[in-house]
Amino acid sequence: MTDKDRLVPDEGSAAASTTVPAVNVAEDLDQPPRSQWLDVWDQFKSHKGAMLGGALFLLIVLSVYIGPFFWDIDATHIDIRSRNQGPSWAHPFGTDQLGRDMLARMMAGGATSVSVGLTAMLLALFLGSLVGVVAGFFKRLDGPLMRLTDLFLALPLLPLLLVMMLLFREPLNATFGPEQGIFILIVAAIGITSWMPTARIVRGDVLAIKEREFVLAARSIGTTNTKLISRHILPNVLSPIMVSATLGIATAIITESALSFLGLGFPPDFPTWGRLLFDATDYLQQYPERVFWPGMAISLTVLSVNYLGDGLRDALDPRIRGR
């Protein structure tokens, strides 16, 4: 083979190598831009545990809030002649030692427990997001706020809650009444003692986001700190905030149930799932189903919320989305 033959490429191979498949560019341009939330929803749908957990949590919420409209038996109605009855058509979950319908008490207790969980979660989310954003954005406040967070993390949770119950229970009951007072106290106690993980997570994300190019560009054109936080920082930390919100519901429900089980929660005639467990411990051997129903409700609610948070974390994380 001569040098000329080496320098001249084969015509057939050249034609084959330079052939480019035709692409219908006009058809791609005609398609509307895909929303980011659709990608999040597609990723969330692929998580079977999250879909099952979301459906179960929605079913529980609808049961405890809408169920009393269909099951109109009063949860506090006492019928001594019907006490300690097993499951029947009139009382599907049986009755307690005072003849009160357990299904009605489960619905009323669930509404209280879920309301406490949601309200306490919102309070903890607000405090944690506020501390995390301020600590991550303003360097001079980072040290004091994080040391405050470490201080709260070092405090023993349950003894602190017990002290708060003993100190503020009577004043709040005298001001707002026994039911509303204890509701405010439990929500405030749980929210004040559970904001620290959210603050740490949000602070870490803010530290990374505030050095991104779009934030530096916005700062270079004179954007104020308030607008930087509201328009550029907060929308990009919604992912950890939403995940913390779902997990915070489970933590608040468990904490409220523990306080009610210890007898420091709502009054005896005001049912919650934890209070039903506490009342059923004296009849555990004779009527074990009284412990089973509220225990299963707490477990299923916490499990469904945890799966829901797991799915939201995967769906909102762009590094995982699309796998």
Side-chain angles (χ1 to χ4, degrees), residues 31-47 49-51 53-54 57-58 61 117-146 148-149 152 187 190-192 194-252 305-323:
Q31 295 180 356
R34 184 174 175 84
S35 173
Q36 180 184 1
W37 292 107
L38 289 178
D39 295 335
V40 172
W41 172 244
D42 290 340
Q43 179 67 30
F44 183 80
K45 287 191 301 183
S46 64
H47 197 298
M51 290 296 293
F57 183 68
L58 181 62
V61 170
L118 293 174
T119 311
M121 176 271 297
L122 291 176
L123 178 59
L125 208 64
F126 171 76
L127 294 176
S129 301
L130 178 63
V131 173
V133 169
V134 172
F137 193 82
F138 300 101
K139 186 176 181 180
R140 64 178 61 184
L141 297 177
D142 187 17
L145 289 178
M146 285 300 100
L148 178 65
T149 305
F152 272 86
V187 167
I190 296 175
I192 291 174
S194 58
W195 56 268
M196 296 80 71
T198 303
R200 282 183 169 275
I201 295 172
V202 172
R203 170 188 174 268
D205 283 1
V206 171
L207 287 174
I209 291 173
K210 75 174 185 178
E211 302 299 332
R212 299 283 296 274
E213 290 81 1
F214 64 92
V215 177
L216 296 178
R219 190 190 298 273
S220 66
I221 62 176
T223 306
T224 61
N225 290 333
T226 303
K227 291 184 178 181
L228 277 176
I229 293 174
S230 61
R231 295 182 180 180
H232 301 285
I233 300 296
L234 279 180
N236 287 279
V237 296
L238 283 180
S239 172
I241 290 176
M242 293 180 66
V243 174
S244 298
T246 57
L247 300 179
I249 296 174
T251 304
V305 169
N306 285 336
Y307 273 113
L308 187 62
D310 191 29
L312 282 176
R313 180 195 60 199
D314 294 347
L316 293 171
D317 192 344
R319 296 169 296 181
I320 301 177
R321 194 185 312 144
R323 289 185 181 179

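Values in this document were obtained by computation on a predicted structure and should not be read as measured data.
Residues Thr246 and Val243 come closest through the heavy atom pair OG1-O, 2.7 Å. When every heavy atom of Ile229 is checked against every heavy atom of Pro235, the shortest pair comes out as O-CD, 4.2 Å. The shortest heavy-atom contact between Ile190 and Ala120 is CG2-CB, 3.8 Å.
Looking at Val215 and Leu228, their side chains come closer than 4.5 Å, going by heavy atoms from C-beta outward. Taking the side chain as every heavy atom from C-beta outward, Arg219 and Asn225 approach each other to under 4.5 Å. Side-chain contact between Asn236 and Phe214: present, with at least one pair of heavy atoms (C-beta onward) separated by less than 4.5 Å. For the pair Val305 and Leu247, the minimum side-chain heavy-atom distance is 4.5 Å or more.
With sequence neighbours excluded, the residues that form a side-chain contact (heavy atoms from CB on, under 4.5 Å) with Ile241 are Leu125, Ser129, Val202, Val237. The side-chain contact (heavy atoms from CB on, under 4.5 Å) check on Ile201 picks up Pro240, Ser244, with sequence neighbours excluded. Qualifying side chain to side chain donor-acceptor pair (under 3.5 Å) partners for Asp310, counting only residues two or more places apart in sequence or in other chains: His47, Arg313.
Taking CG of Leu216 as the reference point, atom OG1 of Thr223 lies at 11.5 Å (rounded to 0.5 Å). Once rounded to the nearest 0.5 Å, the distance linking OG of Ser194 with CG of Leu127 reads 8.5 Å. Atoms CG and CG, from Leu312 and Leu238 in turn, are 12.0 Å apart once rounded to the nearest 0.5 Å. Lys210 NZ to Lys139 NZ: the interatomic distance, rounded to the nearest 0.5 Å, is 7.5 Å. With rounding to the nearest 0.5 Å, the separation of OG1 in Thr149 from CH2 in Trp195 is 3.5 Å. One finds the CG atom of Leu123 at 10.5 Å from the CE atom of Met121 (value rounded to the nearest 0.5 Å).
Around CZ of Phe138, the count of heavy atoms belonging to other residues, nucleotides or ligands within 6.0 Å exceeds 12. Annotation for Tyr307: atom OH does not count as buried by contact number, only 12 or fewer foreign heavy atoms lying within 6.0 Å.
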Pair Leu207, Arg203 - check side chain to side chain contact (heavy atoms under 4.5 Å, CB included), show working. CA-CA 6 Å; Leu207 287 174; Arg203 170 188 174 268; 3.7 Å; yes
